[in-house]
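Report on the following structure.
All chains are named by letter (A, B, ...) in the order of the sequence lines, taking the proteins before the strands, and each is independently numbered beginning at 1. Remember, it's a predicted structure, so these values are computed and weren't measured experimentally.
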There are 2 protein chains.
Amino acid sequence: MARAPDTLNKRATVKDVARVAGVSAGTVSNALSGKRRVDSQTQARITAAIEQLGYVPNLAARGMRTGRAGTIAIFSSMPIAVAGGQSRLGFLMEIAASAAESAMQNNLALLLIPPIADPATALGTIGFDGAILVEPSADDPYRALLAARGVPTVLIGPAAGMSDPSVTLDYRQMATLLFDHLVELGARRIPLVIGQSARASNLAFREVYRERCATLGLTPEIIALPEADGEIGAERAIDAHIANGGAPDGILVPIDAMATGVMSALRTRGLSVPGAVKVATRYDGLRARSETPPLTALNLHLDEVADLATRLLVERIEAGSDTSDVKAPDPELLARGSTLAG
Amino acid sequence: MARAPDTLNKRATVKDVARVAGVSAGTVSNALSGKRRVDSQTQARITAAIEQLGYVPNLAARGMRTGRAGTIAIFSSMPIAVAGGQSRLGFLMEIAASAAESAMQNNLALLLIPPIADPATALGTIGFDGAILVEPSADDPYRALLAARGVPTVLIGPAAGMSDPSVTLDYRQMATLLFDHLVELGARRIPLVIGQSARASNLAFREVYRERCATLGLTPEIIALPEADGEIGAERAIDAHIANGGAPDGILVPIDAMATGVMSALRTRGLSVPGAVKVATRYDGLRARSETPPLTALNLHLDEVADLATRLLVERIEAGSDTSDVKAPDPELLARGSTLAG
DNA sequence: GGCTCACAGTAAAACGTTTTAATGACTTTA
DNA sequence: TAAAGTCATTAAAACGTTTTACTGTGAGCC
């Protein structure tokens with residue numbers, strides 16, 4: 001069987017296929033896309049010709065005609081290397097990996113867009129049909145740009161008053177789930193170790209924490225730390241806190257890097273987990289899982305979240321119309337060794 | 001200043017810009033690309049017109065003309081969710097994140113291609129100018145497809161006899177570095193805990209391990225395990241090994257998931273690290289860093305590796321010619337608490 | 001003054017596909 | 001049997017760029 005000489009000659013076009021199959025170019029196009037009926041006999045001749053010539057459609061040409069790029073983009077506005085480091089990478093990439101998969105199921109490919117110095121000009125060189133923004137801040141530089149350009153956009157994050165449709169993550173629910181779990185297991189003095197920035201997640205956790213404490217008659221102890229200080233910062237802070245006021249019987253520490261630090265502090269102080277102190281964190285990443293004992297955390301169903309976001313985006317792209325928000329699946333408590341005696 | 005009505009009217013084209021600036025379309029194109037000189041006065045008129053109309057080039061049309069998609073793709077042939085789980089995700093995504101950044105510096109965007117059931121048809125829907133394959137196996141399904149389609153490809157991995165240019169990772173060097181480190185610190189009985197599959201990395205580590213043992217007159221003890229059993233598998237295996245033959249004074253365990261398992265086993269047996277046993281692993285990911293004590297590992301300079309691969313690929317795309325292999329930067333020993341006292 | 005040369009610009013072709021309007025051929029309906 | 005409707009197909013237009021070949025125009029050189 002003669003192979004088409006791929007490298008030397010130019011790639012076969014739809015016209016070549018048409019000639020070989022003895023039909024017109026339009027018919028080949030219809031056969032390929034299935035947009036119109038084509039006789040099964042001609043269909044067969046066309047597929048034969050395609051096979052014979054090793055025809056591969058030119059996607060740029062198709063894209064020009066249809067106005068579709070065949071890609072969607074996922075943006076990480078936060079510098080991966082800096083903020084959160086590898087934990088954040090984990091969170092983001094777990095989403096990206098799943099989004100890539102569901103995009104592919106919609107015949108789309110996923111573009112990974114890193115944070116860049118000059119978003120505006122860079123966006124001019126990249127074509128995509130829609131965008132997913134992960135936990136954008138209120139003043140996210142990309143959001144404005146995308147909106148101005150009329151690119152369909154879907155957010156993953158809190159249901160703040162942003163205009164774009166989003167897969168909403170319910171931080172309040174997460175906070176409640178974790179806090180109540182600690183309380184149910186008997187903890188009564190439960191400091192909250194949390195980031196001090198105004199990110200939605202931090203705010204929600206503080207809010208719920210205060211409310212629940214008030215309801216249950218517990219004394220709130222909020223230890224707010226710069227996120228950038230991460231592990232070490234949390235270790236020192238909780239250590240100092242214990243030195244001052246004695247040991248708690250539970251600690252709620254949503255950010256996993258801080259949780260690692262807290263665990264270290266407890267270890268060096270000889271406070272057993274979960275015997276003396278029960279610890280819970282939010283994101284069930286590598287950190288939480290490889291602690292000793294492994295940390296109680298939440299299954300956020302990020303794969304489903306990514307899938308939902310992708311589907312929402314596809315819908316929005318195809319319908320053109322606005323679509324409503326979608327709630328992320330309920331987070332699920334993963335009670336592990338850091339709260340349950342084993 | 002009147003904004004161009006983005007949403008209602010069609011997007012401005014190069015012709016519109018030309019009309020407003022009082023020049024021809026070709027000149028606008030030249031002004032944009034800089035391929036030919038254009039008078040500074042006209043240049044100014046054109047940029048003004050672009051600004052006024054909010055012109056954004058249609059990338060599909062450009063791509064059709066130039067034959068460039070403006071993207072490169074990075075492939076993970078291994079199912080992310082399965083093999084290696086989150087550690088592998090870390091490794092891969094560390095590379096992907098860096099590659100995305102350097103791609104952007106070359107005015108390219110990075111496509112994240114997940115492993116999929118039917119690579120052939122999926123590739124037909126995605127356009128890209130080149131591909132990066134991370135640690136492809138010998139029978140990688142993508143490699144054949146990409147080669148057949150004549151897509152410039154760059155490999156990240158061992159310098160096996162693959163035809164494509166690659167950024168070569170020197171597994172032998174990594175193995176030597178880690179093993180010798182353990183020996184230098186006085187370890188004499190150093191089992192190797194390793195994956196049993198025929199992946200290049202495993203082979204190289206075993207090879208070097210045997211050679212060095214022979215040279216130094218040490219008794220080799222190779223514990224080969226199914227990668228899929230991961231953490232737990234390694235924990236059980238090393239425990240059994242110790243039960244049978246007594247405690248070693250060093251352990252070389254390249255795969256980080258297995259290293260975590262080994263650490264657990266040592267902990268439950270009350271063997272102090274690094275006092276009684278020194279432990280070293282290869283990839284300096286989240287796992288290695290958040291162990292207690294943190295694990296001695298290698299800085300593989302994955303950011304530079306990704307950058308090299310991207311640059312190599314760009315070169316190959318632009319030159320069209322074959323390019324030679326590039327050696328990855330030398331791995332650097334990160335001696336941490338798991339081998340160093342203090 | 002004739003010759004060439006560089007310069008800045010233009011008109012039109014070309015890229016490969018999808019879509020539109022038109023065309024027969026054949027079937028159904030009146 | 002004529003009119004109206006399907007059906008599969010086609011020729012040509014259209015998408016928005018870049019590139020090619022060509023055109024004046026004025027400068028420099030002998």
Side-chain angles (χ1 to χ4, degrees), chain A residues 4 6 9-47 49-50 53-70 107 124-129 149 318, chain B residues 4 6 9-47 49-50 53-70 107 124-129 149 318:
Chain A
D6 286 335
N9 300 9
K10 309 177 72 67
R11 271 172 41 167
T13 79
V14 82
K15 284 185 184 173
D16 300 324
V17 174
R19 184 163 14 83
V20 170
V23 295
S24 80
T27 303
V28 174
S29 175
N30 287 329
L32 250 51
S33 67
K35 281 217 188 347
R36 276 177 177 46
R37 280 223 68 78
V38 6
D39 187 88
S40 62
Q41 298 238 1
T42 28
Q43 178 71 265
R45 288 210 312 282
I46 289 171
T47 48
I50 287 175
L53 296 174
Y55 167 74
V56 180
N58 178 322
L59 291 140
R62 174 177 296 173
M64 165 157 89
R65 200 50 247 240
T66 59
R68 292 281 170 82
N107 285 325
T125 41
I126 310 174
F128 47 91
D129 303 325
R149 194 161 301 175
E318 283 174 357
Chain B
D6 286 336
N9 301 9
K10 307 177 72 67
R11 271 171 39 167
T13 79
V14 82
K15 285 185 182 171
D16 299 325
V17 174
R19 184 164 13 83
V20 171
V23 294
S24 79
T27 302
V28 173
S29 175
N30 287 329
L32 251 51
S33 67
K35 282 217 187 345
R36 275 172 178 51
R37 279 221 68 77
V38 5
D39 188 89
S40 61
Q41 299 237 1
T42 27
Q43 178 71 265
R45 288 212 309 284
I46 289 171
T47 47
I50 287 176
L53 297 174
Y55 168 73
V56 179
N58 178 322
L59 292 141
R62 174 178 295 173
M64 165 157 88
R65 199 49 247 238
T66 61
R68 292 282 169 80
N107 285 326
T125 34
I126 311 174
F128 48 91
D129 302 325
R149 195 163 301 177
E318 283 173 358

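- End-to-end axis angle for the helix from C/dG1-D/dC30 to C/dA30-D/dT1, using five pairs per end and rounding to 10°, comes out at 40°.
- B/K35 NZ to B/S29 OG: the interatomic distance, rounded to the nearest 0.5 Å, is 8.0 Å.
- Contact detail for A/V20 and A/L53: the closest heavy-atom pair is CG2-CD1, 3.9 Å.
- Taking every nucleotide of DNA chain D with any atom under 4.0 Å from a non-hydrogen atom of chain B, the first and last of them, 5' to 3', are D/dG16 to D/dT20.
- Listed for the A/D129 side chain is a donor-acceptor partner under 3.5 Å among the backbone atoms of A/A69.
- Within 4.0 Å (heavy atoms only), A/T13 reaches sugar-phosphate atoms of the nucleic acid but no base atom.
- When the nearest nucleotides of DNA chain D are assigned to B/N30 and A/M64 by heavy-atom distance, the more 5′-ward of the two goes with A/M64.
- Comparing B/A61 and B/G22 against DNA chain C, the residue whose closest nucleotide sits nearer the 5' end is B/G22.
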* Candidate pair B/V17 and B/I46, rule side chain to side chain contact (heavy atoms under 4.5 Å, CB included), full reasoning -> CA-CA 7 Å; B/V17 174; B/I46 289 171; 4.3 Å; yes
* Asked: Step by step, would you call A/T13 with A/N58 a side chain to side chain contact (heavy atoms under 4.5 Å, CB included)?
  -> CA-CA 8 Å; A/T13 79; A/N58 178 322; over 6 Å; no
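- Note on B/T27: every side-chain N or O is 4.0 Å or more away from OP1 and OP2 of C/dG9.
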* B/Y55 and B/L32: side chain to side chain contact (heavy atoms under 4.5 Å, CB included), yes or no, with the steps? -> CA-CA 11 Å; B/Y55 168 73; B/L32 251 51; 3.7 Å; yes
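- A/T42 approaches A/V23 most closely through the heavy-atom pair CG2-CG1, 3.8 Å.
- Residues from residues 31-41 of chain B lying near DNA chain D, meaning a heavy-atom separation below 4.0 Å, are B/K35, B/R36 in numerical order.
- Considering all non-hydrogen atoms of both residues, A/G63 and B/A60 come closest at C-CB, 3.8 Å.
- In this structure, B/T47 contributes its side chain and B/Q43 its backbone to a donor-acceptor pair below 3.5 Å.
- Contact record, A/P57 with A/R62: CB-NH2, 3.3 Å, taken as the closest heavy-atom pair.
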